[in-house]
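There's a structure below that I have some questions on.
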2 protein chains.
Amino acid sequence: MDVSIDTLFELSEFFKFFGDTTRIRIIHLMLSGELSVNEIAEKLNLEQSVVSHQLRILRTANLVKPRRDGRKMFYSLDDEHIGLIFDTGLTHILHKKGK
Amino acid sequence: MDVSIDTLFELSEFFKFFGDTTRIRIIHLMLSGELSVNEIAEKLNLEQSVVSHQLRILRTANLVKPRRDGRKMFYSLDDEHIGLIFDTGLTHILHKKGK
DNA sequence: TGAAAATATGAATACTTGTTCATATGTTAA
DNA sequence: TTAACATATGAACAAGTATTCATATTTTCA
């Protein structure tokens, strides 16, 4: 398959979003559904600003989308491929650990 | 699905390997088969040391494996999941660009 | 309106990481 | 053995990035 150098660059940029523990943990949480910023921070034992900063990165990349409800902001995955990519990588990790 | 925090860390570390343009380009080349260090450097227009450095990273992670033939070193993918992960990400990029 | 709650943002810092340049290592052939 | 080829490696530098801390913004409710 022929892939342009620009596309390969975009591809690496895309994988970078998954290449951070905090973001992967946030994404993993969201695979089960929508969450508020505080819920994420509490479940992952992270500071609120850390979560907000990472959510901004994911939001800018259109990987998550926000929804305001009162003073709370709920975030959910905005891309149907995220789960698939997550699972594909996870399968590899579990397979590797399994032997 | 329940995933341990350690596994999520490993998963993010794994995606990091795909999160660099140089490495993605090397991986993409290798999807078509084995190549020597110099072949990679020439095809990607990179310095030899850059390629060697990145190959070491991929080799340490068991993503590529080396084979010596004379004074040349040939590298090939050492993981059957790499192509799948690459394609999964690429599908997303192409799908995104398509609209 | 004012205070509290929830989230966002900016600047500073520390850390990681990719590239460059120089050089070392290993291999072949004359 | 020596020279040339192919690759690997180490140190230094530069650039990128995640976290922290402080503060700003937005919304609700008394």
Side-chain angles (χ1 to χ4, degrees), chain A residues 5 8-30 33-78, chain B residues 5-6 8-30 34-78:
Chain A
I5 188 172
L8 289 172
F9 175 76
E10 290 182 52
L11 184 55
S12 66
E13 291 297 303
F14 177 62
F15 279 125
K16 272 185 187 165
F17 296 117
F18 297 85
D20 176 79
T21 308
T22 301
R23 284 194 295 270
I24 273 283
R25 293 176 72 201
I26 292 174
I27 289 170
H28 173 243
L29 261 191
M30 286 187 178
E34 197 187 48
L35 295 129
S36 73
V37 177
N38 261 335
E39 283 174 329
I40 297 171
E42 285 174 13
K43 293 200 179 195
L44 301 184
N45 199 32
L46 295 170
E47 291 188 20
Q48 172 263 318
S49 70
V50 167
V51 176
S52 281
H53 275 301
Q54 295 304 330
L55 283 174
R56 189 163 71 91
I57 292 174
L58 295 172
R59 175 161 36 87
T60 301
N62 291 312
L63 298 184
V64 305
K65 60 170 180 283
R67 178 180 68 84
R68 180 176 281 284
D69 182 17
R71 34 193 161 185
K72 291 190 177 179
M73 281 292 236
F74 287 89
Y75 282 87
S76 58
L77 297 180
D78 190 25
Chain B
I5 189 171
D6 288 341
L8 289 171
F9 176 76
E10 289 181 52
L11 184 54
S12 66
E13 291 297 303
F14 177 63
F15 278 124
K16 272 185 186 165
F17 296 118
F18 297 85
D20 176 78
T21 308
T22 302
R23 284 194 295 269
I24 273 284
R25 293 176 71 203
I26 292 175
I27 289 170
H28 172 242
L29 262 192
M30 288 187 179
E34 197 186 47
L35 295 129
S36 74
V37 176
N38 261 335
E39 284 174 328
I40 297 171
E42 285 172 14
K43 294 200 179 194
L44 301 184
N45 198 32
L46 295 171
E47 291 188 20
Q48 172 263 318
S49 69
V50 167
V51 176
S52 281
H53 275 301
Q54 295 303 331
L55 283 174
R56 189 163 70 90
I57 292 174
L58 295 172
R59 176 161 35 88
T60 302
N62 292 311
L63 298 184
V64 305
K65 59 169 180 284
R67 178 180 69 82
R68 180 177 281 285
D69 181 16
R71 34 193 162 188
K72 291 189 177 179
M73 282 291 238
F74 288 89
Y75 283 86
S76 58
L77 297 180
D78 190 26

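Numbers restart at 1 for each chain; the letters A, B, ... are given by sequence-line order, proteins then strands. Keep in mind it's a predicted model, so treat the numbers as computed, not measured.
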Phosphate OP1/OP2 of C:dT7 contacted by A:N38 side-chain N/O (<4.0 Å)
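Affirmative; the distance criterion is met.
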
Is the NZ atom of B:K65 crowded by more than 12 outside heavy atoms at less than 6.0 Å?
yes

Which atom of A:F17 lies closest to which atom of A:L58, heavy atoms considered
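Shortest heavy-atom separation between A:F17 and A:L58 comes out as CB-CD2, 4.5 Å.
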
For A:T21, check side chain to side chain donor-acceptor pair (under 3.5 Å) against everything at least two apart and list the hits.
B:S12

Can you tell me how far C1' of C:dT7 sits from CD of A:E42, to the nearest Å?
14 Å

Whole angstrom is fine here: how far is it from CD in A:E39 over to C1' in C:dT7?
14 Å

Separation of D:dA4 atom C1' from B:K72 atom NZ, nearest Å, is 14 Å

Quick one: side chain to side chain donor-acceptor pair (under 3.5 Å) pairs with a partner in residues 47-57 of chain A, sequence neighbours left out?
A:R23-A:Q54, A:Q48-A:S52

In the 5'-to-3' direction, what one-character label does each nucleotide of nucleotides 17-30 of chain D receive under the scheme B = base within less than 4.0 Å of a protein heavy atom, S = sugar-phosphate only, - = no such atom?
-SSBB-----BBS-

Taking atom P of C:dT17 as reference, at what distance in whole Å does atom CG of B:L58 sit?
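Roughly 14 Å, once rounded to whole Å.
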
What integer distance in Å separates B:F9:CZ from C:dT16:C1'?
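Result: 12 Å.
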
Would you say A:K16 has more than 12 foreign heavy atoms packed within less than 6.0 Å of its NZ?
yes

Atom-pair distance (CZ on B:R25; P on C:dT19), nearest Å:
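Spelled out: CZ on B:R25 to P on C:dT19 is 10 Å.
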
Are B:Y75 and D:dA6 close enough that a side-chain N or O sits under 4.0 Å from OP1 or OP2?
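Indeed not, no polar side-chain atom of B:Y75 lies that close.
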
Hey, is the main chain of B:G70 close enough, under 3.5 Å, to the side chain of B:R68 for a donor-acceptor pair?
yes

Starting at CD of B:E34 and ending at P of D:dT7, how long is that distance when rounded to a whole Å?
12 Å

